[in-house]
Q: 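First the structure, which I've put down as structure tokens, then a few questions once you've had a look.
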Number of protein chains: 2
Amino acid sequence: MDNKKVPDIVITRLPRYYRYLGELLDQDITRISSGELSRRMNVSSSQVRQDFNHFGGFGQQGYGYNVEYLQTEIGKILGLDRGNSAIIIGAGNLGRALACHGGFAKRGFKLVAIFDNNEAVLGTKINGIEVQSVDALEEFLKNRKVDIAILAVPKASVQGVADTAAKCGIKGFLNFSYGELKLPEGTEVENVHISDPLMTLSYKIKKGRDE
Amino acid sequence: MDNKKVPDIVITRLPRYYRYLGELLDQDITRISSGELSRRMNVSSSQVRQDFNHFGGFGQQGYGYNVEYLQTEIGKILGLDRGNSAIIIGAGNLGRALACHGGFAKRGFKLVAIFDNNEAVLGTKINGIEVQSVDALEEFLKNRKVDIAILAVPKASVQGVADTAAKCGIKGFLNFSYGELKLPEGTEVENVHISDPLMTLSYKIKKGRDE
């Protein structure tokens, strides 16, 4: 299977398929047609088929897809099956919310440490994990392979902590702080902009009022 | 200007343009070519032009775009210029983080109230706003027009509070709770799935390792 040519836009749709299939399993739905899946997900069935064809199609269209098999396969493509270890840098409200996020563990992400520079929270526990000083970050990463750093620090600090984490071998960054990160070749950054969907919503309700 | 036929995918890109243009203004960049804008945003310049052509093109391509004008116009399309009032339901870690989010006010969203059902937080203030009981939600909305409800409550409670808010006239919902909401015609929901970009990141770092 050659994933190298899969367009980015297809990749960004895979998590949504993965989630939906999980919801189907929660409802004890074990088999689904591409038509029904596309209807529930509000995308065209040809898009579903085209997306899946990038990965060999996942078979048995006449009988519909085996939901569990399909979710497992998409999980493998996403690299969820081998698990990812993650640290959170920033133990403010957002960092705490992320540390308590049930969906991460469910998708194979293992939170191994939390860092902050606020004396008041050092040594306290969030979801069973002790908050360590950011000063201990480098030493921690020397002794442990970590895949992903989740950045929930103010904009002014984010480049500095990301530099340290990248220098110590972290390849993936989920950035909740505004501003673009400059990181070395071979690292990957996903920026999360919480106000984007709020702006989209503003457009939609404005359009509803104008019509 | 007829916005009705603008494809959804174009709309979902507008917040990103809006943000980028704001960053350019912060750097005192007042004029930019579509080529330069597309390079910085990592999209093709033909996509930038095609997207903008849905709204009349925003003019003066030979000299590049006037950044402030372009941002203002995109802001108007998004309905940011007239402002949106918002409430947050759920004052846990995520609700608190959202209440303190500087980017919302900057984009014309005015947080007018916060609701929770946890006795321990009722009456406390977050970012200057007192947390009220969810029981007071209906009465509050009877007396005040609110555009958007930001839902940061557990999955089990989300449909109930959303029903109340919709019944009282709220048209826009930003849903951070997992699970699909069923709401009446004429309401708009944006679901935020924080683990989606984490899964995309997992794919990218896996691909980096495999190559």
Side-chain angles (χ1 to χ4, degrees), chain A residues 3-4 11-12 14-16 18-19 23 77-80 82 84 86 92-94 96-104 106-109 147-148 150 152 171-174 178-180 186-211, chain B residues 3-4 11-12 14-16 18-19 23 77-80 82 84 86 92-94 96-104 106-109 147-148 150 152 171-174 178-180 186-211:
Chain A
N3 294 349
K4 285 183 191 162
I11 299 307
T12 60
L14 292 182
R16 187 157 175 255
Y18 188 85
R19 267 195 290 109
E23 286 171 24
I77 294 164
L78 288 168
L80 306 183
R82 57 170 113 179
N84 285 284
N93 289 316
L94 180 61
R96 302 178 89 82
L98 295 169
C100 299
H101 190 294
F104 292 170
K106 202 175 161 186
R107 290 168 180 92
F109 295 91
D147 300 305
I148 290 170
I150 299 175
K171 297 291 183 215
F173 293 85
L174 188 67
Y178 287 76
E180 299 290 302
T187 53
E188 300 285 348
V189 183
E190 287 286 307
N191 295 297
V192 183
H193 295 281
I194 289 176
S195 58
D196 280 12
L198 199 53
M199 289 194 265
T200 306
L201 194 57
S202 170
Y203 172 84
K204 289 182 176 173
I205 58 178
K206 169 180 174 280
K207 193 161 162 282
R209 276 191 300 252
D210 293 348
E211 271 171 11
Chain B
N3 292 351
K4 284 182 191 164
I11 298 308
T12 61
L14 292 182
R16 188 157 175 255
Y18 188 85
R19 266 195 291 110
E23 285 170 24
I77 293 164
L78 289 169
L80 306 183
R82 59 170 113 178
N84 285 285
N93 289 316
L94 180 62
R96 302 179 90 81
L98 295 169
C100 299
H101 190 295
F104 291 171
K106 202 174 160 186
R107 291 168 179 92
F109 295 91
D147 300 304
I148 289 171
I150 300 174
K171 297 290 183 213
F173 293 84
L174 188 66
Y178 287 76
E180 300 289 303
T187 53
E188 299 286 348
V189 184
E190 287 286 308
N191 295 296
V192 182
H193 296 280
I194 290 176
S195 58
D196 280 13
L198 198 53
M199 289 195 264
T200 306
L201 194 57
S202 170
Y203 172 83
K204 289 181 175 172
I205 58 178
K206 169 180 174 282
K207 191 160 163 284
R209 277 191 300 251
D210 293 348
E211 271 170 11

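Within every chain, numbering begins at 1; the chains are lettered A, B, ... in the order of the sequence lines, protein sequences first and strands thereafter.
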Q: Is B:Asp196 close to chain A through its backbone or its side chain, or both, or neither, when contacts mean heavy atoms under 4.5 Å?
A: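 The answer is both parts of B:Asp196.
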Q: What I'd like to find out is whether the side chain of B:Ser202 reaches to under 4.5 Å of the side chain of A:Phe109, using heavy atoms alone.
A: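 The answer is yes; the side chains approach within 4.5 Å.
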Q: Please classify the contact of B:Glu188 with chain A as side chain, backbone, both or neither, using a heavy-atom distance under 4.5 Å.
A: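 Answer is both: backbone and side chain atoms of B:Glu188 are under 4.5 Å from chain A.
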Q: Distance from B:Arg19 atom CZ to A:Asn191 atom CG, nearest 0.5 Å?
A: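 Interatomic distance, B:Arg19 CZ to A:Asn191 CG, rounded to 0.5 Å: 7.5 Å.
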Q: With rounding to the nearest 0.5 Å, note down the distance linking CD1 in B:Ile205 to NZ in A:Lys171.
A: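 The NZ atom of A:Lys171 is 10.0 Å from CD1 of B:Ile205, to the nearest 0.5 Å.
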Q: Working to the nearest 0.5 angstrom, can you tell me the gap between A:Lys206 NZ and B:Ile77 CD1?
A: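 A:Lys206 atom NZ to B:Ile77 atom CD1 measures 7.5 Å (nearest 0.5 Å).
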Q: Please state whether the side chain, the backbone, both or neither of A:Phe173 comes within less than 4.5 Å of a heavy atom of chain B.
A: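 Looking at A:Phe173, just its backbone touches chain B.
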Q: Looking only at heavy atoms, what is the nearest atom pair of B:Leu174 and A:Pro197, with distance?
A: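 Residues B:Leu174 and A:Pro197, closest heavy atoms: CD1-CB, 3.7 Å.
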Q: Is A:Ile148 in contact with chain B via its backbone, its side chain, both, or neither, using a 4.5 Å heavy-atom distance?
A: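 Only the side chain of A:Ile148 comes within 4.5 Å of chain B.
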Q: What's the separation between atom OG1 in A:Thr187 and atom CG in B:Leu201, rounded to the nearest 0.5 Å?
A: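 A:Thr187 OG1 to B:Leu201 CG: 10.0 Å, rounded to 0.5 Å.
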Q: When rounded to the nearest 0.5 angstrom, what distance separates CG in B:Leu14 from CE in A:Met199?
A: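 The CG atom of B:Leu14 sits 9.5 Å away from the CE atom of A:Met199.
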Q: Please test A:Arg96 against B:Arg96 for side chain to side chain contact (heavy atoms under 4.5 Å, CB included), starting from the C-alpha separation and ending with a verdict.
A: CA-CA 10 Å; A:Arg96 302 178 89 82; B:Arg96 302 179 90 81; over 6 Å; no
Q: With a 4.0 Å cut-off on N to O distance, would you call A:Lys204 and B:Glu190 a salt bridge?
A: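 Counted as a salt bridge, because a side-chain N and a carboxylate O are separated by less than 4.0 Å.
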Q: Begin from the C-alpha positions of B:Phe104 and A:Ile194 and carry the test side chain to side chain contact (heavy atoms under 4.5 Å, CB included) through to its verdict.
A: CA-CA 9 Å; B:Phe104 291 171; A:Ile194 289 176; 3.8 Å; yes
Q: Between B:Thr200 and A:Thr12, is there a donor-acceptor pair closer than 3.5 Å when you use the side chain of the first and the backbone of the second?
A: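 The answer is no, because no donor-acceptor pair under 3.5 Å joins these two groups.
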